[in-house]
Amino acid sequence: MVTVGIVIYPDIQALDLAGALDCFGQANQELISGGREPYYQLCTVGLSRDSISAENGLQLSAGYALDDCPALDYLVIPGGAGARVLSSNPRFISWLQQRAVKADKILSICTGAYLLAHSGLSDGQPLATHWRFAADLQAKYPKVQVSSAALYVNAGKFYSSGGMTAGIDLCLAVIEQDLGVAVAQAVAQELVMYLRRSGDQSQYASPLKIQHSAEQRFIQLQHWLLENLAQPLTVADMAAQVALSERQFRRVFRARFAMAPVQYLQQLRLDKARSLLLCDGYSLQRICNAVGINEPRSLVRLFNSAFGCTPGQYKRHFS
């Protein structure tokens, strides 16, 4: 049995913790339902066993303290605001460095990458983290190769993921390595996740640029675009939605979001097309109709330009 230790600390991101626990725990349930023995033994490890609060206020307590933690095969380091604080704790960093020597796999999720980077264990290696913190992590730890795009990366025994839900992608990948695609697929289905989610963090980061805009009219514009993708939209239509002239809209949009309006609209259409492509019952023509692309040949050209493959190849790879 593989012992998986998941670190907890004050101001942890609860979803990082729960995602890892649920993935490995569900893998055990799939094995048991098939008449097999569970593969993972799960435990939580904290600086002590005292109760702590997650970022969302959830009260947690660890099953083990650093001093009495059993031998670990896998060590999972969730992210959270508290990770940057914990990185300055010499006791924890020393414990992490010692445990990493004997562990088979070290997994960091989201901003858990700060702890891995501070330990020096990932020096010279690629390290994924949430796109919002990538520049700060790289500035603080220039010896690591920070990836702001990948959902997750693997370098030897070290695994790291981008945002919170990308930690689930990472855990599914580890389960597939350990137990095979059938078990990993069953876990993904139970969690209502793709086993291999398409694309990278950039597809989520770019639309979020508008969602994080301080101007409500741009947030409303995104909602309107998503509701009307099937229509033949123009930049003039977009400008009218935010009560700007077309010329002023082009200038303001590029200044705010570092891309042209037509690029943003095309990205929304491609993202929607990718999602529909992975659903049963959607032909290329039906997808084109749903996202406002003239014909299948146009969709094929866009896929080749954006992803270097045809829609059919994309579907076979990610289905």
Quick one: does Glu246's side chain get under 4.5 Å of Met238's, heavy atoms only?
-> no

List the atom of Gly46, the atom of Ala62, and the distance in Å for their closest heavy-atom pair.
-> N-CB, 3.3 Å

Relative to Tyr282, does Arg286 satisfy both conditions: NZ or CZ under 6.0 angstrom from the six-membered ring centre, and within 45 degrees of the ring's axis?
-> yes

Under 3.5 Å, is there a donor-acceptor pair between the side chain of Thr44 and the main chain of Gly63?
-> yes

Just wondering, do Gln313 and Phe303 contact through their side chains at under 4.5 Å, heavy atoms?
-> no

Roughly how far, to the nearest 0.5 Å, is the CD1 atom of Ile8 from the CG atom of Leu86?
-> 11.5 Å

For Asp237, which residues count as a salt bridge (charged side-chain N to carboxylate O under 4.0 Å, His left out) partner, sequence neighbours excluded?
-> none

Could you grab the distance from atom OG of Ser119 to atom OH of Tyr114, nearest 0.5 Å is fine?
-> 14.5 Å

Minimum heavy-atom distance between Ser161 and Ala166, given as atom pair plus value = CB-O, 3.5 Å

Heavy-atom count around Gln41 CD within 6.0 Å, excluding the residue itself: above 12?
-> no

So, Arg269 side chain and Leu229 main chain: donor-acceptor pair closer than 3.5 Å or not?
-> yes

side-chain contact (heavy atoms from CB on, under 4.5 Å) against Leu42, all qualifying residues, sequence neighbours excluded | Val4, Leu21, Phe24, Tyr40

Can you tell me how far the SG atom of Cys110 sits from the CD1 atom of Ile77, to the nearest 0.5 Å?
-> 13.0 Å

Determine whether Ile109 and Val76 make a side-chain contact, defined as any pair of heavy atoms from C-beta on separated by less than 4.5 Å.
-> yes

Considering only heavy atoms from C-beta outward, does the side chain of Ile52 approach that of Leu47 to under 4.5 Å?
-> no

Nearest heavy-atom approach of Pro78 to Ile6 is CG-CG2, 3.7 Å

Between Arg217 (side chain) and Val242 (backbone), is there a donor-acceptor pair under 3.5 Å?
-> yes

Contacts of type side-chain contact (heavy atoms from CB on, under 4.5 Å), residue Ala103, not counting sequence neighbours | Ile106

Pairs in or reaching into residues 2-26: which pass side-chain hydrogen bond (donor to acceptor under 3.5 Å, both in side chains), with residues at least two apart or in two chains?
-> Gln26-Glu30

Quick one: salt bridge (Lys or Arg N to Asp or Glu O under 4.0 Å) pairs with a partner in residues 76-90, sequence neighbours left out?
-> none

Sub-4.5 Å side-chain heavy-atom contact between Val235 and Leu265 = no

Do Val2 and Asp104 come within less than 4.5 Å of each other through their side chains, counting heavy atoms only?
-> no

Mind checking what makes salt bridge (charged side-chain N to carboxylate O under 4.0 Å, His left out) contact with Lys105, not counting sequence neighbours?
-> Asp178

Tell me yes or no: between the side chains of Gln98 and Ser94, is some donor less than 3.5 Å from an acceptor?
-> yes

Under the 3.5 angstrom rule, does the side chain of Gln125 hit a backbone N or O of Gln145 as a donor-acceptor pair?
-> no

With sequence neighbours left out, write down each residue that passes side-chain contact (heavy atoms from CB on, under 4.5 Å) with Ser87, or none if nothing qualifies.
-> Leu115, His118, Tyr141

Can you name the salt bridge (charged side-chain N to carboxylate O under 4.0 Å, His left out) partners of Lys140, sequence neighbours left out?
-> Asp136

Tell me, please, which residues at least two apart from Gln231 pass side-chain contact (heavy atoms from CB on, under 4.5 Å).
-> Asn228, Leu233

Backbone of Gly80 reached by a side-chain donor or acceptor of Thr111 within 3.5 Å | yes

For the atom pair CG (Asn89) and CG (Leu96), what is the distance rounded to the nearest 0.5 Å?
-> 11.0 Å

Within 6.0 Å of NZ in Lys157, more than 12 heavy atoms from elsewhere = yes

Pairs touching residues 288-297 that satisfy side-chain hydrogen bond (donor to acceptor under 3.5 Å, both in side chains), sequence neighbours left out | Gln285-Asn289, Glu295-Arg297

Test Leu60 against Leu17 for side chain to side chain contact (heavy atoms under 4.5 Å, CB included), laying out the working first.
-> CA-CA 11 Å; Leu60 303 166; Leu17 170 65; 3.8 Å; yes

What do the steps show when you test Val291 against Leu276 for side chain to side chain contact (heavy atoms under 4.5 Å, CB included), and what is the final call?
-> CA-CA 9 Å; Val291 302; Leu276 295 178; 4.3 Å; yes

Going from CD on Glu176 to SG on Cys171, what distance comes out if it is rounded to the nearest 0.5 angstrom?
-> 13.5 Å

Cluster check Val187, Ile32: I/L/V/M/F/W/Y, side chain < 4.5 angstrom = no

State whether the number of non-hydrogen atoms from other residues, nucleotides or ligands found under 6.0 Å of Gln59 atom CD is greater than 12.
-> yes

ILVMFWY cluster, Val153 and Leu116 together (side-chain gap under 4.5 Å) | no

Do you know the tightest heavy-atom contact between Ala113 and Leu127?
-> O-CD2, 3.7 Å

Is there a side-chain contact between Asn154 and Val174 (heavy atoms, below 4.5 Å)?
-> no

So salt bridge (Lys or Arg N to Asp or Glu O under 4.0 Å) across residues 64-73, not counting sequence neighbours, yields Arg49-Asp68, Asp67-Arg91

Could you grab the distance from atom SG of Cys23 to atom CD1 of Ile175, nearest 0.5 Å is fine?
-> 5.0 Å

Closest non-hydrogen contact found for Asp123 with Ala117 is OD1-O, 4.3 Å

Taking the six-membered ring for Trp, are Tyr264 and Phe253 ring centroids under 6.0 Å apart?
-> yes

Is Val262 linked to Phe249 within one hydrophobic cluster, defined over Ile, Leu, Val, Met, Phe, Trp and Tyr using a side-chain heavy-atom separation of less than 4.5 Å?
-> yes

Note: Ser160 and Pro126 closest approach over all heavy atoms is OG-O, 4.4 Å

Starting from the C-alpha separation in whole Å, work towards a yes-or-no answer on side chain to side chain contact (heavy atoms under 4.5 Å, CB included) for Tyr152 and Leu107.
-> CA-CA 10 Å; Tyr152 60 85; Leu107 286 66; over 6 Å; no

Give every residue pair that meets the ring pair (Phe, Tyr, Trp, His ring centres under 6.0 Å) criterion with at least one member in residues 59-104, sequence neighbours excluded.
-> Phe92-Trp95

Side chain to side chain, Arg99 and Leu66, heavy atoms closer than 4.5 Å = no

